[in-house]
Amino acid sequence: MKTMGIILKTEKQIETIRRSGQAATATLQRMGEAVKPGVATSELDRIARKMIRGFGGTSSFLGYRPTFHPPFPATICASINDEIVHGIPSPRRTVAEGDILSLDFAMIIDGYHGDTAFTFPVGRVSPEAQRLLDVTRASVFKGIEEAKPGNRIGDIGHAVQKHAESHGFSVVRDLCGHGIGRSLWEEPQVPNHGSPQRGIRLKPGMVIAIEPMVCAGAHRIRVLDDEWTTSTADGRLSAHFEHTVAILSDGPEILTENPDLWGSNGLPG
């Protein structure tokens, strides 16, 4: 069913997205286990490709080509330190002790996408970097708490923004979360900022990706020469976490839940 361009999903379709989401988060966990000083981001992409084959799935990212972009050449986005999203893995791009590494990954199973992201510390990181990771991860759940019928899109963004800014960080304004289903990107857009009770009203059957991108400095961005990698304009750190969430009649369900990766309740500590 479509309403205002938004495709509402049936229980069966949500179950399929749940399966793709669980495959995606298992793959993300496996990549995270391999993150250590000296690992090349191309090695993490290799792990993802192997996992995709094992699940009988298809990459959501490989060859993806939105308007004005070249086709994306990998199955993961691997973004280091000041890179916010869409970093391209390469044998020449290795991580070092103290870096933070955002891995964004999505997979198609039986025609439906599951999308998730997590920013990993590489060895021991600075107190500021750890605080950025903790606050950004918690902000995902602040947004998810508002993803219930009767609320509006602005309630999600406001919750994310309020939490991040209360800790002295900023949220990216030029990139956002999105609806998800048979297409990786569907309506509605899900900004990480906003005002309460503004925007599209949330309804049961909506499936959205909530993905705070939070910066240690200012929220302005720049796109690098590869036309994909997006970094902070001031060169300061950025973190990115993402869950695929179904809005059900009794509230939100995280379709990419993974206690082994996120913790038993998904929150820091």
A209 to E242 - nearest heavy-atom pair and separation: CB-OE2, 3.3 Å

Single-linkage hydrophobic cluster, 4.5 Å side-chain cutoff, L248 and I6 together: no

So does G150 get a backbone contact from the side chain of R201, meaning a donor-acceptor N/O pair under 3.5 Å? yes

Ignoring hydrogens and geometry, is there a side-chain-to-backbone donor-acceptor pair from E97 to R124 under 3.5 Å? yes

Looking at side-chain heavy atoms only, is the closest gap between Q13 and T16 below 4.5 Å? no

Any heavy-atom pair between the side chains of D155 and P196 that's under 4.5 Å? yes

Would V245 end up clustered with W185 when hydrophobic side chains under 4.5 Å apart are linked, directly or stepwise? no

Does the side chain of L62 reach to within under 4.5 Å of the side chain of R49, using non-hydrogen atoms? yes

Can you tell me if E83 uses its side chain to pair, donor with acceptor, with the backbone of I80 under 3.5 Å? yes

L101 and its side chain to side chain contact (heavy atoms under 4.5 Å, CB included) partner, picked from L44, T119, N81: L44

Search all heavy atoms of L103 against all heavy atoms of L28 and return the closest pair with its distance. O-CD1, 3.4 Å

Salt bridge E146-K162, side-chain N to carboxylate O under 4.0 Å: no

Do I100 and L132 have side-chain heavy atoms sitting under 4.5 Å apart? yes

Are F61 and D104 packed together at the side-chain level, in the sense that at least one heavy-atom pair is separated by less than 4.5 angstrom? yes

How far does CD1 of I88 sit from CG of D226, to the nearest 0.5 angstrom? 4.0 Å

Full working for side chain to side chain contact (heavy atoms under 4.5 Å, CB included) between E128 and R236: CA-CA 11 Å; E128 179 190 48; R236 296 190 64 186; 2.7 Å; yes

For R18, give me all partners under salt bridge (Lys or Arg N to Asp or Glu O under 4.0 Å), at least two apart in sequence or on another chain. E15, E253

Would you call the rings of F241 and F118 parallel, tilted or perpendicular, where under 30° means parallel and over 60° means perpendicular? perpendicular

For the NE2 atom of H163 and the CD atom of E145, what is their distance to the nearest 0.5 Å? 10.0 Å

Worked verdict on V125 versus Q130 for side chain to side chain contact (heavy atoms under 4.5 Å, CB included): CA-CA 6 Å; V125 300; Q130 189 59 58; 3.7 Å; yes

Roughly how far, to the nearest 0.5 Å, is OG of S170 from NE2 of H193? 11.5 Å

Closest heavy-atom contact between F72 and G87? CZ-O, 3.9 Å

With hydrophobic residues grouped by side-chain heavy-atom distances under 4.5 Å, do F120 and F105 end up in a single group? yes

Donor-acceptor contact present, side-chain T25 to main-chain E257, <3.5 Å: no

Heavy-atom closest pair, residues V190 and H178: CG2-N, 3.7 Å

Considering only heavy atoms from C-beta outward, does the side chain of P212 approach that of V171 to under 4.5 Å? no

Please confirm whether F141 and W262 have ring centers closer than 6.0 angstrom. yes

Measure from the side-chain N and O atoms of R222 to the backbone N and O of A233, and report whether any donor-acceptor pair falls under 3.5 Å. no

For the pair S183 (side chain) and E186 (backbone), establish whether a donor and an acceptor sit closer than 3.5 Å, ignoring hydrogens and angles. no

What distance do C176 atom SG and I156 atom CD1 have between them, rounded to the nearest 0.5 Å? 11.5 Å

Could you state the interatomic distance from NE2 (H240) to CE (M213), rounded to the nearest 0.5 Å? 5.0 Å

Are L261 and F55 linked, directly or through other ILVMFWY residues, by side chains that come within less than 4.5 angstrom of each other? yes

Determine whether a donor-acceptor pair (N or O, by modelled atom type, separation under 3.5 Å) exists between the side chain of T41 and the backbone of S90. yes

All heavy atoms of I108 vs all of S60, minimum pair found to be CG1-OG, 3.5 Å

Is any side-chain heavy atom of Y64 closer than 4.5 Å to a side-chain heavy atom of P66? yes

Taking side chain to side chain contact (heavy atoms under 4.5 Å, CB included) as the criterion, tell me which of S231, S238, C215 meets it with D82. S231

Whether the side chain of T230 engages the backbone of W228 through a donor-acceptor N/O pair (distance < 3.5 Å, no angle test) should be reported. yes

What do the steps show when you test T116 against T244 for side chain to side chain contact (heavy atoms under 4.5 Å, CB included), and what is the final call? CA-CA 6 Å; T116 187; T244 296; 5.7 Å; no

Which is it for R46 and E43 under the salt bridge (Lys or Arg N to Asp or Glu O under 4.0 Å) test, yes or no, and what are the steps along the way? CA-CA 5 Å; R46 186 195 67 78; E43 170 62 15; 2.8 Å; yes

May I have the step-by-step check of side chain to side chain contact (heavy atoms under 4.5 Å, CB included) for T27 and R30, ending in yes or no? CA-CA 5 Å; T27 302; R30 175 65 189 87; 5.7 Å; no

Transitive ILVMFWY side-chain link V85 to I210, under 4.5 Å: no

Under 3.5 Å, is there a donor on one side chain and an acceptor on the other for Q161 and N192? no

Strictly distance-based, threshold 3.5 Å: is any side-chain N or O of N151 a donor or acceptor partner for the main-chain N or O of K148? no

CG on D110 to OG1 on T58, rounded to 0.5 Å: 9.5 Å

On a heavy-atom basis, which atom in D115 and which in A106 lie closest, and how many Å separate them? OD1-CB, 3.6 Å

